[in-house]
There are 2 protein chains.
Amino acid sequence: MPSLTDQIETFIAQHQLAPGERLPPERALASTLGVSRSRLREAIQQLISRGIIVSRRGGGNFVADGSADLALEQALRPLQPLAQAEGGYWHDIMEIRKSLETDAAYYAALRANDDDRQRLTKALAAVCAGAADPAAQSRADAAFHMAIAEASHNLVLAQVISGLFDLLKISITESLGKLHKLPDTVDALNDQHQKIVDAILAGRAEDARRAAADHLTFVESSLRRIEDDAARARRAGALRSTHSQEGILP
Amino acid sequence: MPSLTDQIETFIAQHQLAPGERLPPERALASTLGVSRSRLREAIQQLISRGIIVSRRGGGNFVADGSADLALEQALRPLQPLAQAEGGYWHDIMEIRKSLETDAAYYAALRANDDDRQRLTKALAAVCAGAADPAAQSRADAAFHMAIAEASHNLVLAQVISGLFDLLKISITESLGKLHKLPDTVDALNDQHQKIVDAILAGRAEDARRAAADHLTFVESSLRRIEDDAARARRAGALRSTHSQEGILP
DNA sequence: CCTCAAAATTCGGTAGGACCAATTTTGAAG
DNA sequence: CTTCAAAATTGGTCCTACCGAATTTTGAGG
C-alpha cells in the first residue's frame, strides 16, 4: 500500500514527465488515481513542500526544476535536528563516502561517455577556480563529486551520494564559523581532484578508485584535525576569530 | 502575510507546545485561524511531511519530537520513485550493496560488542533454518544483513542499507513469480553467511570484508543468471511454472 | 486571411458539509 | 473502586460548490 505521494511520484516516473512538464489537472489525476481531489491535494501539498512540484494558480501543476538551489536549501531544512545532535554524524558519513565514492570513481572510469567527461572537466575547473563565497565553493565541490557519481551511470548510487551531501551540508553550515582553514589544503585538494579526473578520463578504473580513496582519507583526516583543534580551542577558552573557508566538501 | 504553515508554527510557539503535546482539534484550530478545515489540513500535511507534526487517527495532532532518524529518512526519500520505475534497478543496488555491506562487515568485525555478536548469531541461525514462506525467508535474510550493518555502529550506514533493502523488496515482489530457484544455492549461501559471521565474531576485519564481497558477488551472479534464464524463457515463448523461492536477499 | 480583444473554458484555491474509523471519555453496572 | 460498553471526540476521506487566475476559443473588425 504505497502512499499517495509515492503514487504521484510513480506516475511522474512512468509517464516520463521531465522537469517543467505539466501534470494532469487535479480533478483528472484524482480520478485516475482513484481518490478524491481533497486527498490528492493534501498529497500534492507535501510534494510542493518537498520542492518536487510547483503549482501555478489557474495554470496547472508542474514537475519542479530540480536545478534550483532553493530545492537543495529546502532539502536540508528538515535535517536540522540531526545537525544539533551530539557530535554529528560526519564520521559516519565519511566512512560511507569512502565506500561509495571510491566505487563511483571506479565505475565512472569504466562507463563515462563523452558528455560525462565534458561535465567532469568543467566541474573540475569550477572547483579549482575557487569562489569567494564559502557556500558557493561548497556547492562547487559537491557538484564535482556529483559529476563523478553521475558518470558512474548508477542512478541509485548517485541518489544516495546526493542524499549524503545534503546531510553533510548541514554540519558545514552549522560549524562553518568555527572551522579553521588549514595551510596548503587547497592546493592539495586541487591536486587530488586532478588525479581523480585524470584517471577517470583515461579509463584507469583502479587508479581512479585509489585516487578517490586517497582524497577522501585526506579529507577525513583534515576534518578530524579541524575538529580536534576546535575542541582544544574550546577547552582553552580562547575565542579568536576563525577564518573558516571552503574545502569542507572537497 | 505569513503562510498558514507559519501561522501554525507560530501558534505552537506562542502556546508553548512542547514536543509530544497535542494541538487543538482540526475543526477548532481551523476556526481560530479563520480558515476552512480543508485548507488547514493541507498545511498540516506539509508540517507532517517536514516531521514537525505527527498525527494519530482518532487521537489528535501532536508536536513531533525531532529525531535524527527522521532526518535521515527524509534525506534518502528521493530513492522511492526509483524502486517503482520500470525495469528495476537491482543491478545498481547490488553494486552499492557490494560497497556498503563489505564495509559494514569490516567495521562490524572491528566494533561489534557482545550484544551485537549475540544478535548476529541468532540472525544467522534464523536465516539458515529457512522458512517455507519465501517472503519470510527474504525477511530473515534482510534481518541478517541488517544485524551486520547495525554491528558496524555506523548509524548512517545502517540507515542507508535499510533503505536499499526497502528498494530491493519491491523489485522482489515485482519479479517474484518469474524467478527460478537455482540448485545448490541455499547450501552455498548458508556457507557464505557462516564465513562472514565467523570472521566478524573473531574480529578478523579483512576476512569479514572479503567474505562479504565473495557472498555478494555470488548473489549478483546468481541473480544475473536467473534474469538471463528468464529472458531466454521469454524469448522461447515457453510458459512453464516457475518455483521462485528464497535467496533473493541473501 | 490576419489581428486581437472579449468570452468561454480550464484549472488551482478555498469553503463547508457529510460520513467513516480509530481513539478517548463517560457513566452505569458490578 | 473497578470494569466495560456506550457515547462523544477526532483525524481521514469524499463530495459539492464557488471564486479568481490563467488559458483557450471565439468572432468581430481590419
Side-chain angles (χ1 to χ4, degrees), chain A residues 1-12 15-66 68 70-71 74 78, chain B residues 1-12 14-67 70 73-74 77 80:
Chain A
M1 48 265 72
S3 75
L4 187 51
T5 55
D6 290 337
Q7 287 186 49
I8 297 174
E9 292 181 295
T10 302
F11 182 94
I12 293 175
H15 291 68
Q16 309 262 331
L17 294 185
E21 284 194 84
R22 221 193 71 175
L23 279 84
E26 292 181 351
R27 293 165 176 84
L29 185 56
S31 174
T32 63
L33 294 182
V35 298
S36 70
R37 190 155 86 105
S38 314
R39 194 156 125 69
L40 176 72
R41 274 186 59 79
E42 289 180 0
I44 287 181
Q45 290 304 317
Q46 291 187 28
L47 295 179
I48 289 177
S49 77
R50 277 190 231 156
I52 295 173
I53 285 180
V54 291
S55 185
R56 281 167 49 193
R57 181 191 182 99
N61 294 318
F62 301 80
V63 180
D65 301 332
L70 242 66
Q74 202 163 23
Chain B
M1 92 199 72
S3 73
L4 187 51
T5 56
D6 290 337
Q7 286 186 51
I8 297 174
E9 290 183 290
T10 303
F11 182 94
I12 293 175
Q14 285 180 342
H15 290 70
Q16 310 259 339
L17 294 185
E21 284 194 83
R22 221 194 70 175
L23 282 98
E26 292 180 350
R27 294 165 177 84
L29 186 56
S31 175
T32 64
L33 295 181
V35 297
S36 69
R37 188 157 88 106
S38 314
R39 192 156 128 67
L40 176 72
R41 275 186 57 80
E42 288 180 0
I44 288 182
Q45 290 303 317
Q46 290 187 30
L47 296 178
I48 289 176
S49 78
R50 281 191 227 162
I52 297 173
I53 286 180
V54 290
S55 186
R56 280 170 48 195
R57 180 192 183 99
N61 295 317
F62 301 80
V63 180
D65 42 15
S67 75
L70 181 65
E73 186 184 329
Q74 297 208 344
R77 185 146 196 87
Q80 301 282 4

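Both backbone and side-chain heavy atoms feed into the values below; hydrogens, waters and symmetry mates do not. Throughout, protein chains are lettered first and strands after them, A, B, ... in sequence-line order, and every chain is numbered starting at 1.
A/Gln45 is linked by a side-chain contact (heavy atoms from CB on, under 4.5 Å) to A/Arg41, A/Ile48, B/Glu42, B/Gln46, counting only residues two or more places apart in sequence or in another chain. Among residues two or more places apart in sequence or in another chain, the side chain to side chain donor-acceptor pair (under 3.5 Å) test is passed with B/Ser38 by none. Take B/Arg39 and apply the side chain to side chain donor-acceptor pair (under 3.5 Å) test, not counting sequence neighbours, and it matches no residue. Listed by chain and residue number, B/Asn61 satisfy the side chain to side chain donor-acceptor pair (under 3.5 Å) test with B/Ser55 (two or more places apart in sequence, or in another chain). Legend: residues meeting side-chain contact (heavy atoms from CB on, under 4.5 Å) with A/Arg22, ordered by chain and number and at least two apart, are A/Pro25, A/Phe62.
The nearest pair of heavy atoms linking B/Leu23 to B/Val63 is CD1-N, 3.9 Å.
Taking the screw axis at each terminus of the helix from C/dC1-D/dG30 to C/dG30-D/dC1 from five consecutive base pairs, the angle between the two is 10° to within rounding of 10 degrees.
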Provide a list of protein-nucleic acid N or O atom pairs under 3.5 angstrom, restricted to nucleotides 13-20 of chain D.
unit_1, atom_1, unit_2, atom_2, d
D/dT13, OP1, A/Arg39, NH1, 3.3
D/dT13, O4, B/Arg37, NH2, 3.1
D/dC14, OP2, A/Ser36, N, 3.2
D/dC14, OP2, A/Ser36, OG, 3.1
D/dC15, N4, A/Ser38, OG, 2.6

Subject >> Working for side chain to side chain contact (heavy atoms under 4.5 Å, CB included), residues A/Val35 and A/Gln7 >> reply: CA-CA 11 Å; A/Val35 298; A/Gln7 287 186 49; 6.0 Å; no
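Boundaries of the chain B contact region on DNA chain C are C/dT14 to C/dT24, first to last in 5' to 3' order (nucleotide atom under 4.0 Å from a heavy atom).
Put simply, CG on A/Asn61 is 14 Å from P on D/dA22, counting in whole angstrom units. When rounded to the nearest whole Å, the span between CZ of B/Phe62 and P of D/dG11 equals 8 Å.
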